There are 2 protein chains.
Amino acid sequence: MQSRPRIPEATVARLAVYLRVLTGLADSGRGTVSSGELASAAGVNPAGLRKDLSHLGPCGVRGVGYDVATLRDRIAAVLGMETAHACVLVGIGNLGSALAGYGGFGNRGFEFVGLFDASPARVGQRIGDLPVRPMEELDEVVAATRATIGVIATPAEVAQRVCDRLTRAGVRSILNFAPVALTAPAGVGVRQVDLSVELQVLAFLDKQRGALPGTALGTGLAPAGGMA
Amino acid sequence: MQSRPRIPEATVARLAVYLRVLTGLADSGRGTVSSGELASAAGVNPAGLRKDLSHLGPCGVRGVGYDVATLRDRIAAVLGMETAHACVLVGIGNLGSALAGYGGFGNRGFEFVGLFDASPARVGQRIGDLPVRPMEELDEVVAATRATIGVIATPAEVAQRVCDRLTRAGVRSILNFAPVALTAPAGVGVRQVDLSVELQVLAFLDKQRGALPGTALGTGLAPAGGMA
DNA sequence: GCCTGTGAACAGTTTCACAGCG
DNA sequence: CGCTGTGAAACTGTTCACAGGC
């Protein structure tokens with residue numbers, strides 16, 4: 001199992017979670033972990049975790065477990081974290097400001113190199129150490145920083161136009177928080193995150209679980225651990 | 001196909017997307033849609049859309065399509081949107097403020113009835129028309145409002161403690177934005193949203209696509225449409 | 001004996017092709 | 001004739017059980 005046969009996307013998402021847990025363990029000086037312990041910290045099943053790791057080739061020691069630092073580096077390499085990724089963010093409203101200020105990105109190999117907004121009222125504000133720029137400077141900044149990732153946090157109505165501008169500027173991967181399906185040219189990857197869909201799924205499961213107010217707990221079969 | 005045999009979770013997530021599109025169509029006075037048109041607006045395959053809708057029983061007219069308003073109401077009913085859901089939000093940092101101020105929730109049958117933060121500096125601030133309250137008032141507010149949904153937007157270190165408090169207060173469904181796996185008692189549903197994992201998956205796909213800078217477009221097989 | 005790595009069964013999801021009704 | 005509704009097929013992802021090294 002070399003890196004040739006493509007790694008399943010579901011596995012990639014979990015590798016990112018394992019990486020986070022491993023980084024924490026390494027920072028607290030831990031030398032090795034077993035699949036069981038790592039799985040429970042990541043909220044997954046141990047066998048599934050081992051299967052996920054099998055996609056990177058053998059990297060544990062039988063009877064012992066995995067070397068924390070080695071595994072951390074191996075996953076980081078596979079995920080492409082050895083070099084930092086430059087990102088531009090368009091739409092500096094409530095959500096955009098939160099994303100720009102969110103430490104979780106910087107810590108993990110992502111760096112915002114440009115914040116953009118169409119509203120003159122927001123242009124010029126600073127978030128962290130970056131100024132909010134007008135849309136006109138987008139192409140210039142993307143070219144200068146070689147940013148490959150664009151994040152859209154605008155209202156739905158303008159998201160497709162922003163997507164078009166990003167792809168024309170040379171961005172090749174887009175994370176879209178606006179609640180619309182975007183179309184982009186082949187060769188550009190789009191990933192959609194819809195916060196209200198998450199809430200709605202949650203509400204559905206809630207409804208399904210507790211159909212009857214009088215009945216205390218439904219079937220009692222509800223899953224407890226969460227997952228990316 | 002009554003509502004007995006459980007609707008697949010993947011389908012539920014897409015139903016929420018269809019609902020959004022249908023609401024837009026209805027607002028612009030549209031009477032009927034075909035599966036093809038609705039599917040393209042939602043970013044999915046037409047046959048898959050019809051299969052999704054088949055879980056609600058027949059609700060279209062052959063040779064014509066779906067009645068926009070009827071289908072909208074049918075999906076809303078299935079997702080449990082006929083009654084508004086009361087939510088509490090814990091952790092009013094950057095992300096929490098964005099969530100509290102995000103119109104996308106209120107429009108879709110969710111209402112924040114309480115905002116909580118442990119920091120005295122934040123308590124007393126207002127976001128929209130709600131004050132930020134101290135954690136001590138959590139049980140009281142959950143009980144008074146019968147909130148069933150809790151949203152966690154705290155730092156990772158305290159998320160599990162907040163989860164425990166929410167479940168003890170009576171919340172039965174939790175949406176967690178903190179980057180840790182939570183454990184909750186059976187009967188409580190937890191859903192995890194990890195923004196940096198999304199970015200990492202995107203970066204991985206980016207890397208895979210454009211492995212060689214000299215080679216223009218890799219295989220040219222990259223997917224274009226995004227999905228929830 | 002413990003824990004990894006993996007083939008094989010299983011479950012869930014997507015795609016396809018077409019039957020059936022308006 | 002168009003478009004919905006659906007079984008059957010293909011695929012992907014998950015779970016299980018155990019073989020194999022330390």
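A note on names: the letters A, B, ... follow the listed sequences, proteins ahead of strands, and every chain is numbered from 1. Owing to the predicted nature of the structure, the values given are computational and were not obtained by experimental measurement.
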I'd like a table of atom pairs between the protein and nucleotides 19-21 of chain D - only N or O on both sides, under 3.5 Å - with the distance next to each one.
| unit_1 | atom_1 | unit_2 | atom_2 | d |
| --- | --- | --- | --- | --- |
| D/dG20 | N3 | A/Arg62 | NH1 | 3.2 |

| query | Within this structure, what is the OH-to-C1' distance between A/Tyr66 and C/dC2, rounded to whole angstrom? | reply | 13 Å
So which protein nitrogen or oxygen atoms get under 3.5 Å of nucleotides 10-17 of chain C's nitrogens or oxygens?
| unit_1 | atom_1 | unit_2 | atom_2 | d |
| --- | --- | --- | --- | --- |
| C/dT14 | OP1 | B/Arg14 | NH1 | 2.8 |
| C/dT14 | OP2 | B/Arg14 | NH1 | 3.0 |
| C/dT14 | OP2 | B/Arg14 | NH2 | 2.7 |

| message | Rounded to whole Å, please give me the gap between CG in A/Leu53 and P in C/dG5. | response | 7 Å
| query | Of B/Cys59 and A/Val64, whose nearest nucleotide on DNA chain D comes first from the 5' end? | reply | B/Cys59
| query | SG of A/Cys87 to CG of B/Leu202: how many Å apart, nearest 0.5 Å? | reply | 8.5 Å
| request: Send over the distance from A/Leu38 CG to C/dC3 P, rounded to a whole Å. | output: 14 Å
| message | Show, in sequence, the C-alpha distance, side-chain angles and deciding distance for B/Leu138 and B/Arg165, and conclude whether the side chain to side chain contact (heavy atoms under 4.5 Å, CB included) test is met. | response | CA-CA 8 Å; B/Leu138 182 68; B/Arg165 287 201 64 165; 4.1 Å; yes
| request: Please confirm whether the backbone N or O of B/Val201 pairs with a side-chain atom of A/Arg191, one donor and one acceptor, at under 3.5 Å? | output: no
| message | Using the rule side-chain contact (heavy atoms from CB on, under 4.5 Å), only one of B/Ile174, B/Asn176, B/Leu182 pairs with B/Leu166; which is it? | response | B/Ile174
| B/Leu175 backbone acceptor or donor facing A/Glu198 side chain under 3.5 Å | no
| field | D/dT4 OP1/OP2 closer than 4.0 Å to side-chain N/O of B/Ser35 | value | yes
| task | Would you give the length of the straight line joining atom CD of A/Gln200 to atom CZ of B/Arg20, rounded to the nearest 0.5 angstrom? | result | 9.0 Å
| task | Could you tell me whether B/Glu9 and B/Arg14 make a salt bridge, using a distance below 4.0 angstrom between a side-chain N and a carboxylate O? | result | no
| task | For B/Val33 and for A/Val61, locate the closest nucleotide of DNA chain D by heavy-atom distance; then report the residue assigned to the nucleotide nearer the 5' terminus. | result | B/Val33
| task | Nearest 0.5 Å please: distance from the CG atom of B/Asp194 over to the CG atom of B/Leu199. | result | 10.0 Å
| message | In whole Å, I'd like the distance from the CG atom of A/Asp67 to the P atom of C/dC3. | response | 16 Å
